[in-house]
Protein chains: 2
Amino acid sequence: MDENIRKRLHEMRKNGYKITPQRQEIVNAFLDSSRKLPLSAEEVYMKVKEKYQNISLDTVYRNLAVLQNLKIINRVNFHDVKSRYELNPGGDHQHHMICLTCGSAEPINFCPLKLLSENNFAAEKNFEIREHTFELFGYCSTCRERAIIDNA
Amino acid sequence: MDENIRKRLHEMRKNGYKITPQRQEIVNAFLDSSRKLPLSAEEVYMKVKEKYQNISLDTVYRNLAVLQNLKIINRVNFHDVKSRYELNPGGDHQHHMICLTCGSAEPINFCPLKLLSENNFAAEKNFEIREHTFELFGYCSTCRERAIIDNA
DNA sequence: TCCTAAATAATATATATTCTTATTTACTAG
DNA sequence: CTAGTAAATAAGAATATATATTATTTAGGA
Ligand SMILES: [Mn+2]
Ligand SMILES: [Mn+2]
Ligand SMILES: [Zn+2]
Ligand SMILES: [Zn+2]
């Protein structure tokens, strides 16, 4: 996936974007992160700061917006106040199961839109769908097992 | 629906809640609103202020939280930064089609969870679902028609 | 009517995000 | 390789949303 992402990063130039060190490092923050929880702007900021002490939070936000437009990353909004962002290797989208205990976000290989289109739902309503959200909140298997042990 | 909501409001007393004028007026703000767009805290605040000039925004937030716990209203999170709230006549939950032009939010009579449980999805993953979100964003029929006329 | 837990207003604080402006830099065309 | 320029940046101020603190008031039961 790294290659895919890097390739798309370099294609930015065609659209008049520049590839600055800060911009690259912001993408690296995502590539380096092994976490299942998508990164907040603040977390990206802290990571990039290790290499570029002077980077401003504004630069992070600006780049997150740009990368989002290019579909290199996706913004995901959980119950949390702040937005989170994750790499988007497929250039598509992703739904999640988010654990209310540990905060992990596991992708779901299911999209409810498929079913809606089979049902001809939007056509009937004359509504032109452009985007959608679908997220599950609950308790992941790890946290559930731990809860059982703790209660024993 | 007004009766249903008012009944549930009065049942609050049983749980140790008091029915203050401010609290009633906050519920009225929702009952009076004919808008399809759920109300933001700020909008509720402005509405209640017409009657109680001294109400504090904090009181609005506090009551929105209380009413949410009692399932009298639901919080809905659209793309927007701020949260919005709507009456919950069924005491259940509701998904929406939100228009990116006019902001209207039409309820959808479809919940993707039904299908997931048929598929035994969560059971396989060992994930205990507690909450979920599902919202469609796009263009409503009214705005689509208007766009066609404007272009003619 | 009195008592008390609950609710309130006022104010301060926290947190996330965006805006403004002066300066620097990545890229391109010559 | 250089120079010109649009794009990007850092710094800091500003805005927006939401929450916490505290002293005072009030709803509703005893
Ligand atoms: Mn989907
Ligand atoms: Mn549902
Ligand atoms: Zn977990
Ligand atoms: Zn519309």
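Every chain is numbered from 1, with letters handed out A, B, ... down the list of sequences.
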Between atom [atom1] in [X] and atom [atom2] in [N], what is the gap in whole Å?
X: B/Glu25; N: C/dA9; atom1: CD; atom2: C1'; value: 17 Å
X: B/Arg23; N: D/dT26; atom1: CZ; atom2: C1'; value: 12 Å
X: A/Asn63; N: C/dT18; atom1: CG; atom2: P; value: 13 Å
X: B/Asn54; N: D/dT24; atom1: CG; atom2: C1'; value: 13 Å
X: A/Ile26; N: D/dA8; atom1: CD1; atom2: P; value: 12 Å
X: A/Gln24; N: D/dA8; atom1: CD; atom2: P; value: 14 Å
X: A/Leu9; N: D/dA8; atom1: CG; atom2: P; value: 12 Å
X: B/His10; N: D/dA27; atom1: NE2; atom2: C1'; value: 13 Å

- Item | A/Asn88 CG to A/Arg8 CZ distance, which is reported to the nearest 0.5 Å |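 So the gap between those two atoms works out to 5.5 Å.
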- From A/Leu39 atom CG to A/Met46 atom CE, the distance as rounded to the nearest 0.5 Å: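 Reported to 0.5 Å precision, the distance equals 13.0 Å.
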Polar side-chain atom of [X] near backbone of [Y] as donor-acceptor pair, under 3.5 Å:
X: A/Arg84; Y: A/Leu37; result: no
X: A/Glu135; Y: A/His96; result: yes
X: B/Arg23; Y: B/Lys18; result: yes
X: B/His95; Y: B/Phe134; result: yes

- Message: I want to check something: taking the side chain as every heavy atom from C-beta on, are B/Lys82 and B/Glu42 in contact at a cut-off of under 4.5 Å?
- Response: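 B/Lys82 does not reach B/Glu42 side chain to side chain.
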- Looking at DNA chain C, which of residues 12-19 of chain B put a heavy atom within less than 4.0 Å of it?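 By residue number: B/Gly16, B/Tyr17, B/Lys18.
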Kindly say if [X] contacts the phosphate of [N], meaning a side-chain N or O under 4.0 Å from OP1 or OP2.
X: B/Gln53; N: C/dA9; result: no
X: A/Arg62; N: D/dT9; result: yes
X: A/Thr59; N: D/dA10; result: yes
X: A/Gln22; N: D/dA10; result: yes

- DNA chain D: B/Pro21 or A/Ile55, which has the more 5' nearest nucleotide?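 The residue closer to the strand's 5' end, by nearest nucleotide, is A/Ile55.
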- Does B/Thr20 or A/Val66 map to a spot on DNA chain D nearer the 5' end, using the closest nucleotide for each?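 So the residue in question is A/Val66.
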- Item | Residue pairs passing the salt bridge (charged side-chain N to carboxylate O under 4.0 Å, His left out) test where at least one lies in residues 96-113 of chain B, sequence neighbours excluded |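 Sorted pair list: B/Lys36-B/Glu106.
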Polar pairs (N or O, both sides) under 3.5 Å between protein and nucleotides 15-17 of chain D?
| unit_1 | atom_1 | unit_2 | atom_2 | d |
| --- | --- | --- | --- | --- |
| D/dT17 | OP1 | B/Lys82 | NZ | 2.7 |

- Candidate list B/Arg6, B/Lys7, B/Arg13, test side chain to side chain donor-acceptor pair (under 3.5 Å), partner B/His10, passing option: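 Answer after filtering B/Arg6, B/Lys7, B/Arg13: B/Arg13.
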- Task: Kindly say whether, by distance alone, the side chain of B/Asp58 makes a donor-acceptor pair under 3.5 Å with the base of D/dA20?
- Result: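 Yes.
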- Per the side chain to side chain contact (heavy atoms under 4.5 Å, CB included) rule, which among B/Asn28, B/Leu67, B/Val27 passes with B/Ile5?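 Single pass found, and it is B/Val27.
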